[in-house]
Amino acid sequence: MIRLLRRKPKTTILFVLALLVWCIPKAIARAPAIDCDHLGPDCRIEANILSDQDHAPFLFLGRVMNSDHPQWRKYRRAIRRYNDVGACLLRSERHVEEPNLLMMDWKRVGTGTGAEVCIFRIAQSVRGIEELNDWMKAHGFSVWGPFRVVSEGFVPHFPTERIRNFEARWSIDQYRDLNPSLLSMSGLELLKSYYVIVGLDSQGRVVDVSVGTPTRLN
């Protein structure tokens, strides 16, 4: 009993430190500001359709993500939480008839699998790659493409195989506004940037969304 009591203060200190490491960055996180300069005074991107998992299921490299997919355990929570595009938006936009798709709830969605699922939902909801380009620029991304990732003579093995990529990127400073860390705040930054890659099939349909953070060690 005496030994346990002696350990308690140390355990408490470690718990408090861990809590601070987790809480401080969360408290100062900031969602990206919306840049409407290229969208006009309304600052809106409305949905062509309101995509959901039933009618436009999340695709991983062109394949439907469901319980039979080998990556299901990685994505199941995000797919269930963001089952439709409305779930990806700020509370004020979630249940309105014509939501503004610019109002993504970044602080809730995050920059991992939630972002992959929600950007896929957004991409399925807008009127093509041009509006997705506008959406990305409004959230501060630099954009490239679409560009081919296979040769001109490549024959797809299945209809929704990826043929082109559309890429968007945040600087590390933009990424850290939303994802601050005590390590980066101390000047020890290992990441270089944050990217979103949207895969398109031969018909220009969105068939994949992936995100990543390349490091300085690569």
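Numbers here are sequence positions counted from 1.
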Can you name the closest pair of heavy atoms from [X] and [Y] and give their distance?
X: W170; Y: P32; result: CZ2-CG, 3.8 Å
X: L102; Y: A138; result: CD2-CB, 3.6 Å
X: R73; Y: R76; result: O-CG, 3.8 Å

Under the side-chain contact (heavy atoms from CB on, under 4.5 Å) test, residues paired with L59 that sit two or more places apart: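 For L59, the residues satisfying side-chain contact (heavy atoms from CB on, under 4.5 Å) (neighbours in sequence not counted) are V64, F120, V207.
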
Side-chain donor or acceptor of E161 paired with backbone N/O of H157 under 3.5 Å: yes

H95 atom NE2, neighbour heavy-atom count above 12 within 6.0 Å: no

Flag if over 12 foreign heavy atoms under 6.0 Å of CZ, R77: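 No, CZ of R77 has 12 or fewer neighbouring heavy atoms, counting only those of other groups under 6.0 Å.
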
Student check: side-chain heavy atoms of D105 and L89 closer than 4.5 Å: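 No; the side chains remain at least 4.5 Å from each other.
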
Min side-chain heavy-atom separation Q124-V85 under 4.5 Å: no

Partners passing salt bridge (charged side-chain N to carboxylate O under 4.0 Å, His left out) against R63 (at least two apart in sequence or in another chain):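 Testing R63 for salt bridge (charged side-chain N to carboxylate O under 4.0 Å, His left out), a comparison that skips the adjacent residues, returns none.
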
From CD (E167) to CZ (F141), nearest 0.5 Å: 11.0 Å

Aromatic plane relationship, W135 with W106 - under 30° parallel, 30 to 60° tilted, over 60° perpendicular: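 Judged by the thresholds at 30° and 60°, the geometry between W106 and W135 is tilted.
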
Selection residues 99-178 - residue pairs positive for disulfide (SG to SG under 2.5 Å), sequence neighbours left out: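 Every pair satisfying disulfide (SG to SG under 2.5 Å) with a residue in residues 99-178: C88-C118.
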
Electrostatic pair R176:E189 at N-O distance under 4.0 angstrom: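 Here R176 pairs with E189 in a salt bridge, since their nearest N and O are under 4.0 Å apart.
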
Same apolar cluster (I L V M F W Y, side chains within < 4.5 Å links), Y175/Y195: no

ILVMFWY network linking I45 to I34, side-chain heavy atoms under 4.5 angstrom: yes

